[in-house]
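Step one of this worksheet: look at the structure below.
Since we're looking at a predicted model, the values are computed, not measured. Proteins get letters first, then strands, A, B, ... in listed order; numbering begins at 1 in each. These numbers come from the heavy atoms of this one structure, side chains and all, not from hydrogens, waters or symmetry mates.
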Amino acid sequence: MPELPEVEVTRRSFVRAIEGAQVLAAQLGKSLRWPLGCEPSLLVGRFVRTVHRRGKYLQIELDHGWLLLHLGMSGSLCFAADLPQAGIHDHFDLVTSRGTLRLNDPRRFGAVIYLDSLADPMAHKLLGHLGLEPLSDSFGLAEFHAGLKQRKAAIKQVLLAGDLVVGVGNIYASEALFAAAIRPTASSASLGRVRVARLHAAICMVLARALEQGGSTLRNFSSTDGQTGHFQLDAMVYGRADLPCKVCAKPIRMIRQGQRSTFYCPSCQKR
DNA sequence: AGAAAATCCTGGTGGC
DNA sequence: TGCCACCAGGATTTTC
């Protein structure tokens, strides 16, 4: 399932190729999470300026308007000159002069949304509340600490919520907390400066490493050129319930927090 | 009111 | 083999 590193890997894999392309056609398959917001034919003739990313959202900047794109939990994009006829799970094609950008999304939790040029894409309700970008300079330790202090929920759930820091999904939340030796159930506000600094560094490290490695692929993520990532090979705790901790050999524990599974080592992450 | 918890969407997978 | 519970990200709704 695409998390931030996967989304960034996807973006990088086609941004250069699609910049400057002119839209020749747009086709919608089955409906996604939300309606596109315009007739697909409205996009024809427009030019692609570039592709940005905010959190797990990709923003295709056109010469007139924007396409906001989310991969949900099973979405993937491919961009190629020659694509076979759309398959059962292909739900959006943006045919351009440089190739076709295709969204494949079996579970259809993903979305493609058109915003007209008057809209400020950052002000859109889906983006407006998003937190700091963990891979950018804006992810400051002081700001992160201040945000953590005003939330009482379990640290794992604060990370997951996305309104303080984006892109730390279920996998990376468990991994970052392990790397920082912090128990996922610890109250966010209870974390002192030293542990917050450790967590901050861990989030940066875990995401940067996943990005270097081409994103994680717990199921079937692949970037648009078909390269698959391999983060799952190095997961320290995620998906390893009852298996020995790679550091201390005690069994990894799985618990549920807010309907989500969390993995941690009770010995390495004592509080 | 604001924070936290529950719910919902879909389809692949694994257990029986 | 067929059925069914389960799981996932995150917006939305409900509860506290």
Side-chain angles (χ1 to χ4, degrees), chain A residues 1-10 28-37 53-59 68-77 86-92 103-113 115 121-134 146-176 184-190 203 207 210 215-222 228-229 231-232 235 237-242 254-263:
Chain A
M1 43 234 53
E3 296 209 38
L4 188 144
E6 294 90 314
V7 175
E8 180 58 19
V9 166
T10 296
L28 274 174
K30 276 204 211 168
S31 67
L32 294 161
R33 189 190 248 269
W34 293 291
L36 176 59
R53 178 188 58 76
R54 177 74 175 98
K56 296 179 188 174
Y57 289 88
L58 291 177
Q59 303 162 295
L68 207 58
L69 222 136
H70 197 285
L71 300 179
M73 53 191 297
S74 61
S76 62
L77 289 173
I88 179 82
H89 295 313
D90 295 327
H91 304 306
F92 181 74
L103 173 67
N104 178 280
D105 187 2
R107 300 196 190 157
R108 295 193 281 132
F109 279 31
V112 184
I113 297 168
L115 304 180
M122 291 303 185
H124 190 274
K125 65 172 179 175
L126 294 172
L127 302 181
H129 71 281
L130 294 181
L132 305 168
E133 280 290 337
L148 290 179
K149 270 197 286 199
Q150 58 195 37
R151 279 157 242 245
K152 283 177 282 188
I155 182 60
K156 157 80 184 315
Q157 296 183 259
V158 169
L159 293 180
L160 222 44
D163 54 350
L164 176 57
V165 54
V166 297
V168 185
N170 208 36
I171 301 170
Y172 298 115
S174 281
E175 292 298 317
T185 51
S187 156
S188 168
S190 77
I203 290 169
L207 291 179
S216 87
T217 83
L218 253 86
R219 292 285 185 274
N220 51 13
F221 167 76
S222 62
T228 54
F231 180 83
Q232 82 282 11
V237 289
Y238 189 84
R240 302 194 67 249
D242 301 327
M254 180 175 91
I255 59 172
R256 297 196 68 74
Q257 291 179 286
Q259 323 293 101
R260 288 280 115 88
S261 47
T262 298
F263 299 86

In this structure, CG of Leu164(A) is separated from CD1 of Ile155(A) (nearest 0.5 Å) by 8.0 Å
dist Gln157(A):CD -> Arg260(A):CZ (nearest 0.5 Å) comes out at 10.0 Å
Atom-to-atom span, [atom1] of [X] to [atom2] of [N] - whole angstrom:
X: Asn104(A); N: dT10(B); atom1: CG; atom2: P; result: 17 Å
X: Phe109(A); N: dT12(C); atom1: CZ; atom2: P; result: 14 Å
X: Arg33(A); N: dT12(C); atom1: CZ; atom2: P; result: 8 Å
X: Leu71(A); N: dG10(C); atom1: CG; atom2: P; result: 10 Å
X: Gln259(A); N: dT7(B); atom1: CD; atom2: P; result: 7 Å
X: Lys156(A); N: dG10(C); atom1: NZ; atom2: C1'; result: 13 Å
X: Glu3(A); N: dG9(C); atom1: CD; atom2: P; result: 6 Å
X: Asp163(A); N: dG2(B); atom1: CG; atom2: P; result: 14 Å

field: Whichever of Arg260(A) and Ala153(A) has its nearest DNA chain B nucleotide further upstream toward 5'
entry: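 Its nucleotide being nearer the 5' end, the pick is Ala153(A).
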Whether [X] contacts [N] is assessed here as follows: a side-chain N or O lying under 4.0 Å from the phosphate OP1 or OP2. Is that the case?
X: Lys56(A); N: dG10(C); value: yes
X: Tyr172(A); N: dG9(C); value: no
X: Ser261(A); N: dA8(C); value: yes
X: His89(A); N: dG12(B); value: yes
X: His129(A); N: dA11(C); value: yes
X: His70(A); N: dG10(C); value: yes
X: Tyr238(A); N: dC7(C); value: no
X: Arg108(A); N: dG11(B); value: yes
X: Lys30(A); N: dT10(B); value: no

What is the nucleic acid contact for Asn170(A), judged by heavy atoms within less than 4.0 Å: base, sugar-phosphate only, or nothing? sugar-phosphate
Review point. Which part of the nucleic acid does Leu126(A) contact within heavy-atom distance under 4.0 Å: base, sugar-phosphate only, or nothing?
Key: sugar-phosphate
So, does [X] use its side chain to make a donor-acceptor pair with the main chain of [Y] at under 3.5 Å?
X: Glu175(A); Y: Val237(A); value: yes
X: Ser74(A); Y: Asp105(A); value: no
X: Glu3(A); Y: Ile171(A); value: yes

**Q.** For the student: nearest non-hydrogen atoms of Arg33(A) and Phe109(A), plus distance
**A.**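 Where Arg33(A) meets Phe109(A) most closely, the heavy atoms are NE-O, 3.6 Å.
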Is there a donor and acceptor pair closer than 3.5 Å between the side chain of Arg107(A) and the base of dG9(C)? no
Requested in this report: Between dG9(C), dT12(C), dG12(B), spot the one nearest the side chain of Pro106(A), thanks.
Outcome: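 Side chain of Pro106(A) sits closest to dG12(B).
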